[in-house]
Peer 1: 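Here it is: the structure, laid out below.
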Amino acid sequence: MAEQDPAAYPKTAACACGGLTVTVSAAPQFVHACACLECQRSTGSAFSYSAFFPESAVKVGGAFKSWRRSSEAGRWNEANFCPTCGVNVFARLEALPAMFCVPVGCFSDPGFPAPGNLYWSSKRHRWLDLPTGIERIETQ
Ligand SMILES: [Zn+2]
Ligand SMILES: [Zn+2]
């Protein structure tokens, strides 16, 4: 597949089986990565990489299940995932009520903007060095 124009919208994020999609009509308001241990566990990877869109720019297609965990700050963080393949395609955060958080990998778009910062840098894997331009934030 050819690389998409990073400035082209709408874009669609999808789970592995394609049953759950999130279509966004505008560029993300911000993009970040987070290396907290909860993000490591929920992604199965060294950090999460997420884009945040206003609710008004988002359309969800297909069935999903939801699961809430508590953040370090004691607020809920809700993962919404495909009931067939289990991939998390969007999250809602109590701290950001009008926003949808979409895991960037679900867009299958290597041209997607880089994260502006890495939260919980203090918990990042020791091998993980970051290019300049990504601000490291030790905690949240
Ligand atoms: Zn699926
Ligand atoms: Zn995190």
Side-chain angles (χ1 to χ4, degrees):
M1 196 161 74
E3 249 180 60
Q4 299 163 33
D5 174 359
Y9 284 85
K11 289 185 194 294
T12 298
C15 64
C17 78
L20 175 59
T21 59
V22 170
T23 300
V24 297
S25 60
Q29 291 197 341
F30 49 97
V31 181
H32 77 217
C34 180
C36 80
L37 298 180
E38 289 77 15
C39 283
Q40 291 188 28
R41 190 178 291 277
S42 63
T43 59
S45 191
F47 54 88
S48 62
Y49 171 24
S50 308
F52 289 79
F53 301 89
E55 208 164 16
S56 58
V58 172
K59 197 168 155 256
V60 176
F64 58 88
K65 282 186 151 180
S66 304
W67 178 71
R68 283 184 180 185
R69 67 172 164 88
S70 185
S71 73
E72 294 272 343
R75 291 184 172 168
W76 58 257
N77 175 337
E78 181 187 80
N80 296 281
F81 52 92
C82 172
T84 302
C85 72
V87 172
N88 175 25
V89 185
F90 65 98
R92 309 296 309 266
L93 309 177
E94 186 178 14
L96 294 168
M99 302 293 279
F100 271 61
C101 168
V102 181
V104 172
C106 293
F107 285 106
S108 297
D109 179 4
F112 204 89
N117 38 44
L118 175 75
Y119 290 100
W120 286 102
S121 179
S122 56
K123 297 283 187 357
R124 77 187 190 282
H125 279 230
R126 306 291 176 249
W127 55 261
L128 179 62
D129 204 2
L130 297 173
T132 52
I134 300 177
E135 187 189 352
R136 286 181 190 180
I137 296 164
E138 287 304 302
T139 59
Q140 246 171 343

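Reckoned from all heavy atoms, side chains included, excluding hydrogens, waters and symmetry mates. Order of listing sets the numbers, starting from 1, for every ligand and every atom in it.
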Peer 1: Going from CH2 on W120 to CD on Q40, what distance comes out if it is rounded to the nearest 0.5 angstrom?
Peer 2: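 CD of Q40 is found 12.0 Å from CH2 of W120.
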Peer 1: Contact between V58 and F90 at the side-chain level, heavy atoms closer than 4.5 Å - yes or no?
Peer 2: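 The answer is no, as the side chains (C-beta and beyond) never meet within the 4.5 Å cut-off.
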Peer 1: Can you list, by chain and residue number, the protein N, O or S atoms under 2.8 Å from the Zn ion (ligand 1)?
Peer 2: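 Under 2.8 Å from the Zn ion (ligand 1) - ignoring waters, which are not counted - the protein N, O or S atoms are C15 SG, C17 SG, C82 SG, C85 SG.
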Peer 1: Does R136 CZ have over 12 foreign heavy atoms under 6.0 Å away?
Peer 2: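 Yes, CZ of R136 has more than 12 neighbouring heavy atoms, counting only those of other groups under 6.0 Å.
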Peer 1: Got S121 and F47 here, is their nearest side-chain heavy-atom distance under 4.5 Å?
Peer 2: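 No, every pair of side-chain atoms sits at 4.5 Å or beyond.
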Peer 1: Taking CZ in F100 as the centre, count heavy atoms belonging to other residues, nucleotides or ligands within less than 6.0 Å. Is the count above 12?
Peer 2: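 Yes - once you tally the heavy atoms of other residues, nucleotides and ligands closer than 6.0 Å, there are more than 12.
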Peer 1: What is the number of protein N, O or S atoms that sit under 2.8 Å away from the Zn ion (ligand 2)?
Peer 2: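 Under the 2.8 Å cut-off, the count stands at 3.
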Peer 1: Can you see which heavy atom on N88 is nearest to which on C106, and at what distance?
Peer 2: O-SG, 3.6 Å
Peer 1: Does S122 use its side chain to pair, donor to acceptor, with the backbone of T139 at less than 3.5 Å?
Peer 2: no
Peer 1: To the nearest 0.5 angstrom, please state how far the OH atom of Y119 sits from the CD atom of E138.
Peer 2: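 Between atom OH of Y119 and atom CD of E138 there are 13.0 Å.
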Peer 1: For the residue pair T21 and A14, what are the closest heavy atoms and their distance?
Peer 2: CG2-CB, 4.0 Å
